[in-house]
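The chains referred to below are lettered A, B, ... by the order of the sequence lines, with proteins before strands, and numbering in each begins at 1.
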2 protein chains.
Amino acid sequence: MKRIAILGSTGSIGKSTLKIVEAFPDRCSVATLAAGINVELAFEQARRWHPKIVSLASEEAADRLHDKLKKVGLGHAIDIAHGSPGTVKVATYPDADFVVSAIVGVAGLEATYEAVKAGKTVGVANKECLVTAGDLIVAEAHKQAKPLLPIDSEHNAIHQCLRGGRRDEVHRIWLTASGGPFLHTPRPQFANITVEQALNHPTWKMGKRITIDSATLMNKGFEVIEACRLFDMPASQVGVLVHPQSTIHSMVEFVDGSLLAQLSVTDMQLPILYALTYPERIQSDLRFPVSELRQLDFSPPDNEKFPCLRLAYEAVEAGGAKTIALNAADEVAVAAFLDGAIGFDDIPATIESVLRETPALKPESIDQVLDMDADARRRARYLIQEAGSATDRAHPAGRHK
Amino acid sequence: MKRIAILGSTGSIGKSTLKIVEAFPDRCSVATLAAGINVELAFEQARRWHPKIVSLASEEAADRLHDKLKKVGLGHAIDIAHGSPGTVKVATYPDADFVVSAIVGVAGLEATYEAVKAGKTVGVANKECLVTAGDLIVAEAHKQAKPLLPIDSEHNAIHQCLRGGRRDEVHRIWLTASGGPFLHTPRPQFANITVEQALNHPTWKMGKRITIDSATLMNKGFEVIEACRLFDMPASQVGVLVHPQSTIHSMVEFVDGSLLAQLSVTDMQLPILYALTYPERIQSDLRFPVSELRQLDFSPPDNEKFPCLRLAYEAVEAGGAKTIALNAADEVAVAAFLDGAIGFDDIPATIESVLRETPALKPESIDQVLDMDADARRRARYLIQEAGSATDRAHPAGRHK
């Protein structure tokens, strides 16, 4: 029986995790939950699962949840917490043995690190953990001799394929990429890509930032960085292959020339189930219709059209602060794009400028990671404002009207 | 260091095995060799590898080899044997620890069984071993607690994919099939397929019988039987998927919904290397050009066009004597087709008739396997002659002139 702490219980991964708990009540139970400000859903989850602690992002949200729980007689049964200390409490709860780290952004960083430090097995769904603090978290997991289990389709696929040989028998890891909605869009049209077009992802339904990150291939860049850290591989041994159907979730090429690939339906429940039951596999109804398989397409990624991928390789090779800046600058730039403040092409341009200004330092603590993250965000915002003012001066009507 | 006995050293698998030994002299060496009647090549191999024993099919061939070896001063260094006892001697040579079983047809059956019984690790490249005597050989390997390692691309792929989970976590095995040269030929044209057309295989260059067996999909049927026996799976859990590029060599579907697939170049050296070095993988130059991967196609097999596949499923479900008869009748029918005595469509028809007349017995020994094999061959020849006479009576000019 796995007793699970879910960081990000009201998000997509959190909800899928609870579906798994629902389906396999003899295998897993809910220990604690942490969420943002969705009080309604957190309340429903608390009532359904009776966790020992629920932590929300703000004190106000926590108070509202407490009131609602009191009304149904659960005011004393469930400990309510909030903010960063609350999330850490949820993540390190002594009776939890598996932590699902699925809080989007750097907000989940400290709690994830503390969970690893507390000797929990951590399922990593939060991209930022490994992109910004991967070296620290992986080193701590090694020290604790506890696995970090990837809960995203690509790294989970790699984890499965790696079972086919020893780590030193791996020649290369191949991440597959859907290619996003602009796979076939000619380069000259990239400057005019609209928010609506960029949000229209061909295979996965996801949040806004990750959808834009998929359109720029920055998401794949982040995954390259995650793969390097999770599987201790240099970037030169991590390749990307565009595969629009997202049926092969990733591949591992061994030194003898054999490749193993993992195929499945595109449902996040599958990697979650894998992580929760590893090293076992248990029967699920997430069947891939093999007999209906018809065509799988592949192509190399176009680095001209998608400079974000190149930037990610450069950042991970430089290490530490550069990957923190990559993530921070991207988040700011994507938000600006979604707000109409900058164009699609300006996303990589902003990131590249921020990276250029970022010194190649190595963070020694989560606090330093957060400082470097804040610095990079400031620089990115400044660059965007500067460019906006310059544009306003040149074209008083504004460039995105 | 693996000391290898090669049964079938002058055939395609035997030659590929020797290439591996050549490439990895610190990993493997040649202990003994058995071949057919290719005295020239056996002589070259003996001179190059200095095996302890060389056995050839006939006494006459063995004598010629002995004379040639005497002339180069190796008359005393190498023990020369012949016939079945010679092959068994090669297979059970005390100093050999790995036996490559690659003698085509039932000729290698006894020696392979004796090798397993003598506690050797056996690499099985010979299809007939598992199709005709699989139950006996697998039971003996279990008793000896020694692995049977498949040396053909499909079962080797499955062996690799099975590393991704426990045996009881397998939902289904998926053998891929190139589909052969008649994948897109309309059913009504099957009766007029010529020998030349049938010998034109799209992806693999192989011997004549296996090429015809690939054209009828009987080869895939044999592989279904091999998979059932090698991996202890019921036929209902072994599926076939047509995949013309032969890039994915086979797949394993696990109970949780994940599939693992193995991809590589189509070169038999790869499964041989895998078997010889298992459980390790060693660096080879058999690299698959991943970046050049473009398109993989799949479709379900057409059981109407390829009745041999259905016959194989029926035979393995009935077990024992039926799979022996399947193989024997197929070999006779394919030879008759190559001789122009019967049409392409008559191959499955002949096999089906022989199967219908075969009692569902279970052989208890290799001798019984050989008896059942001889019986089925007699029945197949009789049926073909009968049909030929009937055709001659009806059309005195003959049907295949």
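Inter-residue side-chain proximity for B/E169 and A/Q283 is flagged as unmet; no heavy-atom pair is nearer than 4.5 Å. Contact of the B/L260 side chain with the A/C161 side chain is registered, since non-hydrogen atoms from C-beta on lie closer than 4.5 Å. Contact of the B/Q295 side chain with the A/Q295 side chain is registered, since non-hydrogen atoms from C-beta on lie closer than 4.5 Å. Proximity of B/D297 to A/R294: side-chain heavy atoms (C-beta onward) are nowhere separated by under 4.5 Å. Using a 4.5 Å heavy-atom threshold, the side chains of B/M251 and A/V290 count as touching. Side-chain atoms of B/L259 and A/S264, non-hydrogen and from C-beta on, never get closer than 4.5 Å to each other.
Sorted by first then second residue, the ring pair (Phe, Tyr, Trp, His ring centres under 6.0 Å) pairs that include residues 284-305 of chain A, not counting sequence neighbours, are A/H243-A/F298.
B/K2 NZ: more than 12 foreign heavy atoms inside a 6.0 Å radius.
The backbone N or O of A/D168 sits nowhere less than 3.5 Å from a side-chain atom of B/R281 that would complete a donor-acceptor pair. One N or O on the side chain of A/S284 and one on the backbone of B/D256 form a donor-acceptor pair closer than 3.5 Å.
Proximity to chain B is limited to the backbone of A/I282, based on heavy atoms less than 4.5 angstrom apart. Contacts between B/L263 and chain A at a heavy-atom distance below 4.5 Å involve backbone atoms as well as side-chain atoms. For A/L293, the parts lying near chain B are the backbone and the side chain together; criterion is any non-hydrogen pair under 4.5 Å.
No other option in B/E280, B/R172, B/R287 has as many heavy-atom pairs under 4.5 Å with chain A as B/R287.
Interatomic distance, CG of B/L286 versus OG of A/S258, reported as 9.0 Å (0.5 Å rounding). Separating the CG atom in B/L296 from the CD atom in A/Q245 is a distance of 9.5 Å, to the nearest 0.5 Å.
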